[in-house]
There are 2 protein chains.
Amino acid sequence: MQKRVSLKDIAAKVGVSTALVSYVLNGQEKEKRVGAEVVKRIRKAAEELNYQPNQIARSLRMQSTKTIGLIVADIANPFFAQLARIIENEATKYGYTVIFGSSDEDELKSEALINTLLNRQVDGLIIVPAGGTSSQIETLLKKRIPVVLVDRYFPEISVSHVVLDNYKATYDATCHLINTGYKNIAMVAYKSNLTHMKDRIMGYKEAMKSNNLLENVHVTEIRHNHYETDFNITFSRLIKNNKEIDALLFATSVLSISGLFQIQNQCLKIPEDVAFIGFDGGASFDLYQPPLSFIQQPIDEMGKESIRILMDVINNSGKISQVKLQSKMIIRDIKECN
Amino acid sequence: MQKRVSLKDIAAKVGVSTALVSYVLNGQEKEKRVGAEVVKRIRKAAEELNYQPNQIARSLRMQSTKTIGLIVADIANPFFAQLARIIENEATKYGYTVIFGSSDEDELKSEALINTLLNRQVDGLIIVPAGGTSSQIETLLKKRIPVVLVDRYFPEISVSHVVLDNYKATYDATCHLINTGYKNIAMVAYKSNLTHMKDRIMGYKEAMKSNNLLENVHVTEIRHNHYETDFNITFSRLIKNNKEIDALLFATSVLSISGLFQIQNQCLKIPEDVAFIGFDGGASFDLYQPPLSFIQQPIDEMGKESIRILMDVINNSGKISQVKLQSKMIIRDIKECN
DNA sequence: CTGAAAGCGCTTACAG
DNA sequence: CTGAAAGCGCTTACAG
């Protein structure tokens, strides 16, 4: 690694102090009334030496790194990957760089991740909080670290967040199924204390209740840390023990996909044997025969809002914005090819 | 943002110099023969004040940030998202943090991205290079920045890389189709100067040639920046003008998915109307009826190797490792549900 | 065994 | 209009 050129090198070459070089290169030549001739020579030297500012030194001095930390459950999950992409784009517009990490829905990993990001002095954090991490978020707030939660939130903590109207999402989806004629609708969700999951389950339950179908409520809750086994066992039990189930509603994208595999394994046809509503969409849903209906989240808006709010918090700390976005039901028709 | 506690605060509290605190907290109390009693008090104070080292200050002083930059084409693309996940995991094991960015296959974005990452003093870069960026890579090498290319490389540049044996991947896939009885095999690829794409096309061509099917070679090259239109036009033209085409081979995951949409639109059945071999796999392929065959890349190995090599380059700069990994053909059976 | 001091590469209040 | 100097929070050679 050969020595990088610094302000000092430019100063030496031009024969001025580093202060002047700093002013000019930061576009403050007007305010600081730097001589026109000097400005020109500094610019030229910087160009010739191909000067690149050392962001680390700058960060240390400015007490601001222009970096944001992004913690998602798993960057390999398409929903979070898309979210990350949007956040990356938006952050770039504001002159910020993104450091990311995956918590795997694990409290300890989340804590470790938050610590590394703080040690790297991120200016703020965008977090998809894992279950049981509310105390970690509270600690951040106590330290006055700008943070916005996305996708999930803790109702007991007063912190900025942007989430889906999860209750309404599944309420509407369930009503759609009921209106289409299904009565024995089962829901497949995660076992979780997180509000977004509880709300999704509640939306379904309330919709069933409103339609006097309370006795037909079936909720299967899969444990994150026993995903494979739980899914295989509980899902097939669900279907076998309840032959009358005529529709399935899934609480996340990953659950939807797993459900489809099971549906295929059991040679069930959608919608003849069982109707289907998934979460989040994706090529798998579009290419399925028939194309599958799903609850679509406004990922783009979610990403943009979370950055916008974070910038707001960074610039006027204290302000809290809590945004609830609406999902959209995507209803698919069967395309006949005969 | 309340003031964070620094080494100085601990030193003041204990009544020693910051040097001692630094030694102890970095586990050098033995080498530096710090008094046992002092060690204990420093540890206690650090604990009580909940000291967290400022990684930025440390980076500036050490001239090493323990950060690596990752540039992919698009983090929202599942292939790159998975690669990012593995790289994240591995980096963490080595005590490194990852900053990422998406180039969108765009020279200018790539250049801008490389610059921001360098200004942030990353210790090294893992890059999926976009077309036309070979000079950018050369510049990095000239500056002695540790870099390893992944997924793609430039044969004319002597730099560490880990890529797929692309030629063999499509050669084998084509032979598989031929051996299964298909003769009019068309390939759908990107228009690109990048070697990985050229090799994939060449593998196909050479396989056709070896089997005396040279006159049946059809290659469609889609332009990145006119993706939608190119795909729709050229693909339907390909099929319409060549009714005899009985098999399709796709050069990437994204192309495969687009191809499947077209196949469905045109009401073609796989494999009766046209056989299919895709790239990279994913739920869409597994859930398709019938399940689709594809060329599987060893993403896990790719990610792990790229970090391992980068660490090697960082620690003994000058060393160059070039790794070519083998893909695996995943052949699917039709599962009958009658 | 311990401390004073330099320095990483910047920015910026201050003095002139 | 310009420069000398302090300081961000660390690490580490040097002196004692």
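So that the names make sense, note that chain A is the first sequence line, chain B the second, and so on, each numbered from 1.
- A:Arg85 and A:Asn89 are linked by a side-chain donor-acceptor pair at a separation below 3.5 angstrom, with hydrogens and angles left out of the test.
- Listed by first and then second residue, the side chain to side chain donor-acceptor pair (under 3.5 Å) pairs that reach into residues 153-164 of chain B come to none, sequence neighbours excluded.
- The side chain to side chain contact (heavy atoms under 4.5 Å, CB included) test applied to B:Ala81 returns A:Ala81, not counting sequence neighbours.
- Among B:Val159, B:Thr195, B:Thr133, the single residue meeting the side chain to side chain contact (heavy atoms under 4.5 Å, CB included) criterion with B:Phe154 is B:Thr133.
- Counting only Watson-Crick and G-U wobble pairs whose two key distances fall under 3.5 Å, DNA chain C forms stems of three or more stacked pairs at C:1-3 with D:14-16, C:5-12 with D:5-12, C:14-16 with D:1-3.
- Using a 4.0 Å cut-off on heavy atoms, the residues of residues 16-37 of chain B that approach DNA chain C are B:Val16, B:Ser17, B:Ala19, B:Leu20, B:Lys32, B:Arg33, B:Val34, B:Gly35, listed by number.
- Evaluation of the salt bridge (charged side-chain N to carboxylate O under 4.0 Å, His left out) rule for A:Arg61 yields no partner, not counting sequence neighbours.
- Legend: residues meeting salt bridge (charged side-chain N to carboxylate O under 4.0 Å, His left out) with B:Arg152, ordered by chain and number and at least two apart, are B:Glu105.
- Looking only at atom types and distance, the side chain of A:Glu88 has a donor-acceptor partner in the side chain of B:Ser102 under 3.5 Å away.
- For B:Ala57, the listed nucleotide lying nearest its side chain is D:dC10; candidates were C:dC10, D:dC10, C:dG9.
- In this structure, of C:dT11, C:dG9, D:dC10, it is C:dG9 that holds the atom nearest to the side chain of A:Asn54.
- Along DNA chain C, the nucleotide nearest to A:Arg61 and the one nearest to B:Gly15 differ in position, and the one closer to the 5' end is contacted by B:Gly15.
- Side chains of B:Arg120 and A:Thr67: a donor on one and an acceptor on the other come within 3.5 Å.
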